[in-house]
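Chain identifiers are assigned alphabetically (A, B, ...) following the order of the sequence lines, protein sequences preceding nucleic acid strands; residue numbering begins at 1 within each chain.
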Amino acid sequence: MSFNDKVYEFVRQIPEGKVASYGQIAFMTGSWRASRAVGYALHRNPYQGKVPCHRVVFKDGRLATGFVFGGKDVQRQLLESEGVEFTADGRVAMDKCCWQPDQGCCCP
DNA sequence: ATGCTGACCGAGC
DNA sequence: CGCTCGGCCAGCA
């Protein structure tokens, strides 16, 4: 079980309509400061198809840069299809869609 | 083994 | 309020 595997395992558990930030995943894996490593791990994304990297966004709710899935617009459509709300700024409504495994529910 | 890089985040100016 | 700097972690040359 490597740090990398933890990231994939964590991200894979993200339900539809929910999103998590790199820092959140990093915190779960060990140190919240490892957010960079998390991003790098997802960048390789060896489990592409099993790991919904598109559900992983910034703390601001903004999508990751240099999106590799085909474009931010595509990711937005994909997330919207899953039930994730978006703001006028084009960011994810993390206020409602931030995934909290411990509580199993989003912030009201 | 060492150094650089990167899909980040927080604090400072 | 916007930009810049530093710091941590893992992967690769």
Side-chain angles (χ1 to χ4, degrees):
Chain A
M1 183 59 99
S2 302
F3 174 87
N4 201 289
D5 294 320
K6 288 183 183 177
V7 176
Y8 303 137
E9 191 76 16
F10 189 81
V11 176
R12 197 175 52 169
Q13 291 175 57
I14 301 177
E16 298 178 358
K18 300 282 171 69
V19 293
S21 63
Y22 291 93
Q24 193 78 53
I25 298 169
F27 183 78
M28 291 297 184
T29 45
S31 302
W32 66 270
R33 297 165 229 185
S35 50
R36 297 175 77 163
V38 175
Y40 200 76
L42 290 174
H43 179 208
R44 299 188 306 150
N45 195 15
Y47 297 98
Q48 190 172 14
K50 297 178 182 176
V51 181
C53 332
H54 57 270
R55 288 183 198 151
V56 185
V57 295
F58 281 83
K59 256 201 159 170
D60 300 336
R62 215 166 18 180
L63 304 180
T65 65
F67 201 62
V68 200
F69 305 99
K72 298 177 182 176
D73 298 330
V74 178
Q75 185 184 15
R76 191 169 115 193
Q77 296 272 329
L78 194 60
L79 289 170
E80 284 182 330
S81 296
E82 293 181 349
V84 179
E85 297 181 27
F86 273 79
T87 63
D89 295 346
R91 304 191 216 185
V92 181
M94 299 190 73
D95 294 338
K96 297 181 177 180
C97 303
C98 64
W99 182 47
Q100 296 184 10
D102 289 326
Q103 298 183 7
C105 188
C106 52
C107 342

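Remark: A/Phe10 pairs with A/Trp99 by the ring-ring contact (aromatic ring centres under 6.0 Å, His included) rule, at least two apart or across chains. Under the rule for a side chain to side chain contact (heavy atoms under 4.5 Å, CB included), the partners of A/Asp5 that lie at least two apart in sequence or sit in another chain are A/Met1, A/Ser2, A/Tyr8, A/Tyr47.
Mapping heavy-atom proximity under 4.0 Å, the span of DNA chain C touched by chain A runs 5' to 3' from C/dG7 to C/dC12.
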For residues 56-63 of chain A, run the donor-acceptor check on the side chains, cut-off 3.5 Å, and write out each pair with its distance to 0.1 Å, sequence neighbours left out.
none

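At a threshold of 4.0 angstrom between heavy atoms, the contacts of A/Ala34 are confined to the sugar-phosphate backbone, with no base atom among them.
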Under 3.5 Å between N/O atoms: give me all the protein pairs with nucleotides 9-13 of chain B, atom names plus distance.
{"from": "B/dC9", "atom 1": "OP1", "to": "A/Lys59", "atom 2": "N", "distance (Å)": "3.3"}
{"from": "B/dG10", "atom 1": "OP1", "to": "A/Lys59", "atom 2": "NZ", "distance (Å)": "3.0"}

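Positionally, the nearest nucleotide of DNA chain C for A/Ser31 lies more toward the 5' end than for the other of A/Arg44 and A/Ser31.
Rounded to an integer number of Å, the gap from A/Asn45 CG to B/dA7 C1' is 11 Å.
Note on A/Glu9 versus A/Arg12: salt bridge recorded, some NZ/NE/NH1/NH2 to OD/OE distance being below 4.0 Å. With respect to A/Glu82 and A/Lys18, no salt bridge is recorded, no charged nitrogen being found less than 4.0 Å from a carboxylate O.
Apart from A/Tyr40 itself, the hydrophobic cluster it occupies contains nothing, where clustering links Ile, Leu, Val, Met, Phe, Trp and Tyr at side-chain heavy-atom distances under 4.5 Å.
A/Val19 and A/Leu78 fall into different hydrophobic clusters, defined by Ile, Leu, Val, Met, Phe, Trp and Tyr side-chain heavy atoms under 4.5 Å apart, directly or through other members.
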